[in-house]
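All values reported here derive from a predicted model rather than from experimental measurement.
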Protein chains: 2
Amino acid sequence: MSKRTAQDSKSVPLPLPKGSRATGRVTITDVAAEAGVSSMTVSRALKMPELVQEQSRERIFAAIEKLGYVPNQAAATLASARSQVIGVLVPSLTNAVFIETLSGIRDYLAEAGYQFLIGETGYARDKEAQLISTYLAHAPAGFLLSSSEQHEILQSRPASRAIPAVRMFDLGRSNDEYSVGFSQTKAGYAVARHLAERGYQRPAFIAAQLDPRMMKRREGFRKGLQEAGIDPAVEVLLPLPTTVDMGAQLLRRVLEVRPDCDAVFCCNDDLALGALFECQRQGIAVPGQLAIAGFNDLSWAACATPSITTVITPRYDIGYKSAEMLIRQLKGEDIPKGRLDLGFELAVREST
Amino acid sequence: MSKRTAQDSKSVPLPLPKGSRATGRVTITDVAAEAGVSSMTVSRALKMPELVQEQSRERIFAAIEKLGYVPNQAAATLASARSQVIGVLVPSLTNAVFIETLSGIRDYLAEAGYQFLIGETGYARDKEAQLISTYLAHAPAGFLLSSSEQHEILQSRPASRAIPAVRMFDLGRSNDEYSVGFSQTKAGYAVARHLAERGYQRPAFIAAQLDPRMMKRREGFRKGLQEAGIDPAVEVLLPLPTTVDMGAQLLRRVLEVRPDCDAVFCCNDDLALGALFECQRQGIAVPGQLAIAGFNDLSWAACATPSITTVITPRYDIGYKSAEMLIRQLKGEDIPKGRLDLGFELAVREST
DNA sequence: CTGAAAGCGCTTACAG
DNA sequence: CTGAAAGCGCTTACAG
């Protein structure tokens, strides 16, 4: 009952012991021989079990178990020209926000049987394009991107080899692409309206990193203040990676410029925490003398003393839903292009 | 210039135009034809350029550029039985500590031309073993692991197909394996000695997660207290994932059991931050009434009010050095097995 | 429901 | 320094 492989019969005219290969690996052919079917049938039993007779299927799975067969992904990828790998590109791996997005992605992809390759773009469009090129060598089934830009290298592929991509965090400019996120502008606007309603008159804005999303929050914040008849003049922006300590530094600068400032919107919770510590250090009452608002609702915002008003963002869901949108496309479902707006929620707490 | 697909070429056995393939991809053969050499030579020019005549090399690189050739990793992996992918298994992706380790890994691997697949073990040995099995299908060149256990599935492979692994964070029990980390026990011990030297008499210990590393810190802490003649009786341990808020909860429990407690060692900085907020809420002076020590030196520890005494751990370096140790093995260097102890540093600050 | 044949794009020896 | 041949382990049509 011994099967020969093509190469055995060509190069070595002696039969190898049953179940063994030149490389020592257990292959689909070994499983097929053990189960008394062809390798095609084994492949089908793995991919589309409903197309294989139950009896064959049982023998095949028993053989897989017995031999400890692990499918070779490289061979599958080479033969089918598509892998089970998704390229995921996030701006930063040191930011808790994106880590939670990765958790969402991982949860969906693990369930769907996909792996992912993570790249860090450093908030730079060029770096994103470069990583896409690198990942292309792995024949990824799709991409999950975080830049709101188009990438020529993906656009220029012929339709037959197109690789689907979903943009995360920001909503795309048009409905011609897939994007999952929320409106940064509206979130900034909501914070401004809240501060205005509470009666704060001299608010400031502090930000670091200064990527496009930060700038949209700022834009919305200014718009909200202007609509409330408040002058949004005091801003301190620093184009460096965010740290908690930087929140303290930026607040000090704000207070130098405008000592009578009565509220500060921090573009993220790290800065808000640093600002709170600085107030504690200087003996400034929060919110009595100065209100503080953050962004993202990181783990400390709710339990700080005082608890910090912030914007709860759907970052886990952005990952999960983006992955879902991508995989459903890959499975051939006809998902309409467009923006999936997951919204946000303003958490009003003690600090304002 | 119409392209044909695979099925066309079968049903119609006509030669394809030069430079094109059934799949439409640019292959090494296309590059070889363009450069007027064999595909072997192209392969060599890419892997070991010094073995190829300069003139050929120039023509080859020009052809690569002209055709936009991207090597197919799947084909390379299948042919060589080894990929450029490293399997990286960390306990958690929501913990800043491991994220920084990943940054270290990424920095080294990116430089060395490797990709990595990240898995999250949830601090469970079984989950780690399961992920190893899954990743084996990708023919990883090596593993970076975070459990201190051995894994049969890796141990049982024949020497010819052995996959090297490096253990991170903990130092291995023996010098029979590769490990990069520091002594958790010594770090816990150092905190105890510091508190004792400062004259604290009724210290408590709080911890969550309770993975083996936490338990080693505790062990060292207890030992240090005992040696200083202090009773290490007050401990509150909770086997749940760490959060900042949990630090507040655990501290409340400690104060219920022992209201006269004068110091608390938190097994990580998240708990320490929550404990600090709780003290602020209750009006407990830090360190006047209660000293607080944390672990890891996360970004807020140094700039909190008061700044938090903690243990600075070499987590970025653990990632970087582990990756280096692994890749140098893969490149055939004869790296001696053993433990690489990167040490730690006690940062004494205002909170103690 | 099942199988024989061909091919995916590289690399591994080997021979010059 | 270079190349012809064979093979890696799957999947894709196709035919039954």
Side-chain angles (χ1 to χ4, degrees), chain A residues 3-13 16 21-33 35-57 59-60 69-84 137-139 161, chain B residues 4-13 16 20-33 35-57 59-60 69-84 137-139 161:
Chain A
K3 293 224 170 179
R4 304 300 228 9
T5 57
Q7 55 275 29
D8 288 336
S9 51
K10 274 182 211 162
S11 60
V12 185
L16 286 172
R21 302 276 289 192
T23 57
R25 293 183 215 154
V26 177
T27 71
I28 201 171
T29 311
D30 301 325
V31 173
V37 297
S38 76
S39 59
M40 256 316 304
T41 305
V42 175
S43 178
R44 261 191 293 257
L46 256 16
K47 304 287 173 189
M48 305 169 291
E50 68 282 0
L51 295 185
V52 176
Q53 214 179 6
E54 193 179 328
Q55 203 185 359
S56 314
R57 228 188 300 155
R59 286 208 312 280
I60 289 166
Y69 170 65
V70 177
N72 182 320
Q73 282 293 339
T77 300
L78 179 58
S80 68
R82 62 182 44 199
S83 72
Q84 295 282 91
H138 292 264
R161 300 194 296 132
Chain B
R4 334 237 10 195
T5 56
Q7 49 275 31
D8 289 344
S9 58
K10 270 183 209 161
S11 48
V12 186
L16 289 170
S20 86
R21 299 280 286 193
T23 58
R25 293 183 216 153
V26 176
T27 71
I28 200 171
T29 312
D30 300 327
V31 173
V37 296
S38 75
S39 58
M40 257 315 307
T41 304
V42 175
S43 178
R44 261 192 291 258
L46 255 17
K47 305 287 173 189
M48 305 169 290
E50 68 282 2
L51 296 186
V52 176
Q53 213 180 6
E54 192 179 328
Q55 204 185 356
S56 313
R57 228 187 301 153
R59 285 207 313 279
I60 289 167
Y69 169 66
V70 177
N72 181 320
Q73 282 294 338
T77 300
L78 179 58
S80 67
R82 62 183 44 199
S83 72
Q84 295 282 93
H138 292 264
R161 298 196 296 134

Handout entry: Contact under 4.0 Å: B:Ser43 side-chain N or O vs C:dT11 OP1/OP2
Key = yes
Which atoms of nucleotides 14-16 of chain C (N or O only) lie under 3.5 Å from a protein N or O atom, and what are those distances?
none

Exercise for the section: Verify the contact: side-chain N or O of B:Ser38 to OP1 or OP2 of D:dG3, cut-off strictly under 4.0 Å; return yes or no. Expected result: yes
Problem - B:Ser83 side chain vs B:Ala139 backbone, donor-acceptor pair below 3.5 Å - result: yes
Practice task
From the options D:dT12, C:dC10, D:dG9, select the nucleotide whose nearest atom is closest to the side chain of A:Asn72.
Solution key: D:dG9
Exercise for the section: Grab the stems for DNA chain D, please: at least three consecutive Watson-Crick or wobble pairs, both distances below 3.5 Å, written as range with range. Expected result: C:1-3 with D:14-16, C:5-12 with D:5-12, C:14-16 with D:1-3
Fill in the blank from the handout: On DNA chain C, more 5' by nearest nucleotide between B:Ala75 and A:Thr41 is A:Thr41
Practice task
Using side chain to side chain contact (heavy atoms under 4.5 Å, CB included) as the criterion, list what pairs up with B:Ser80, not counting sequence neighbours.
Solution key: B:Arg82
Handout entry: Length of the CE-P vector between A:Met40 and D:dA13, whole Å
Key = 11 Å
Exercise for the section: Return the set of residues passing side chain to side chain contact (heavy atoms under 4.5 Å, CB included) with B:Ala35 (not counting sequence neighbours), or none when no residue passes. Expected result: B:Val37, B:Arg59, B:Ile60, B:Ala63
Exercise for the section: Using the test side chain to side chain donor-acceptor pair (under 3.5 Å), find all partners of B:Thr41 that sit at least two apart in sequence or belong to another chain. Expected result: B:Ser38
Problem - Within residues 47-56 of chain B: residues closer than 4.0 Å to DNA chain D (heavy atoms) - result: B:Glu50, B:Leu51, B:Val52, B:Gln53, B:Ser56
Tabulate below the donor-acceptor pairs under 3.5 Å that side-chain atoms of residues 46-56 of chain A make, not counting sequence neighbours, or state none.
none

Handout entry: side chain to side chain contact (heavy atoms under 4.5 Å, CB included) partners for A:Ala75, two or more places apart
Key = A:Asn72, B:Leu78
